[in-house]
Amino acid sequence: MQVHVEATELRKRAVCDCGWRGKRRWLRGVAVVDAHLHAAETSHLPLGARVDEVAEHQSFKGGSRRL
Ligand SMILES: [Zn+2]
């Protein structure tokens, strides 16, 4: 099982292959923390700071900085 972060323009959330979904967050970093907490509790694999951009509006580029 692998945990990663789904990112939309307004919300980021950690999701896992096991079906677990974290709370929706304003900040990508917080969603990444959620992913790592889930990984720690379940020994599922956190994929570092992998973030899947789920494009709602392609014009938004302000959040592309990688952790
Ligand atoms: Zn999981």
Side-chain angles (χ1 to χ4, degrees):
M1 300 294 180
Q2 295 180 330
V3 195
H4 62 280
V5 171
E6 250 180 26
T8 66
E9 178 176 340
L10 293 178
R11 300 289 190 192
K12 335 292 178 204
R13 83 154 93 200
V15 296
C16 182
D17 291 345
C18 72
W20 174 87
R21 297 170 74 84
K23 290 181 181 177
R24 289 194 287 178
R25 305 293 193 176
W26 283 104
L27 297 176
R28 174 175 303 188
V30 179
V32 170
V33 169
D34 284 344
H36 281 267
L37 284 174
H38 173 74
E41 290 171 351
T42 60
S43 73
H44 297 162
L45 289 177
L47 292 183
R50 174 183 148 196
V51 174
D52 289 338
E53 298 288 347
V54 180
E56 287 180 338
H57 299 286
Q58 289 294 333
S59 61
F60 180 72
K61 297 297 183 187
S64 62
R65 182 167 56 91
R66 295 284 170 180
L67 291 175

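One-based numbering, in listed order, for ligands and for the atoms of each.
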For Val15, what residues pass the side-chain contact (heavy atoms from CB on, under 4.5 Å) criterion, not counting sequence neighbours? His4, Glu6, Arg13, Arg21
Partner residues of His38 under the side chain to side chain donor-acceptor pair (under 3.5 Å) criterion, sequence neighbours left out: His44
Listing by chain and number, which protein N, O or S atoms are under 2.8 Å from the Zn ion (ligand 1)? Cys16 SG, Cys18 SG, His38 NE2, His44 ND1
Smallest heavy-atom separation, Pro46 atom then Ala39 atom, equals CD-CB, 3.5 Å
With Asp34 as partner, the option from Lys12, Arg25, Lys23 fulfilling side-chain hydrogen bond (donor to acceptor under 3.5 Å, both in side chains) is Arg25
Remaining members of hydrophobic cluster (4.5 Å side-chain criterion), Val33: Leu37
Here the gap from Arg24 atom CZ to Leu10 atom CG, rounded to the nearest 0.5 Å, amounts to 9.5 Å
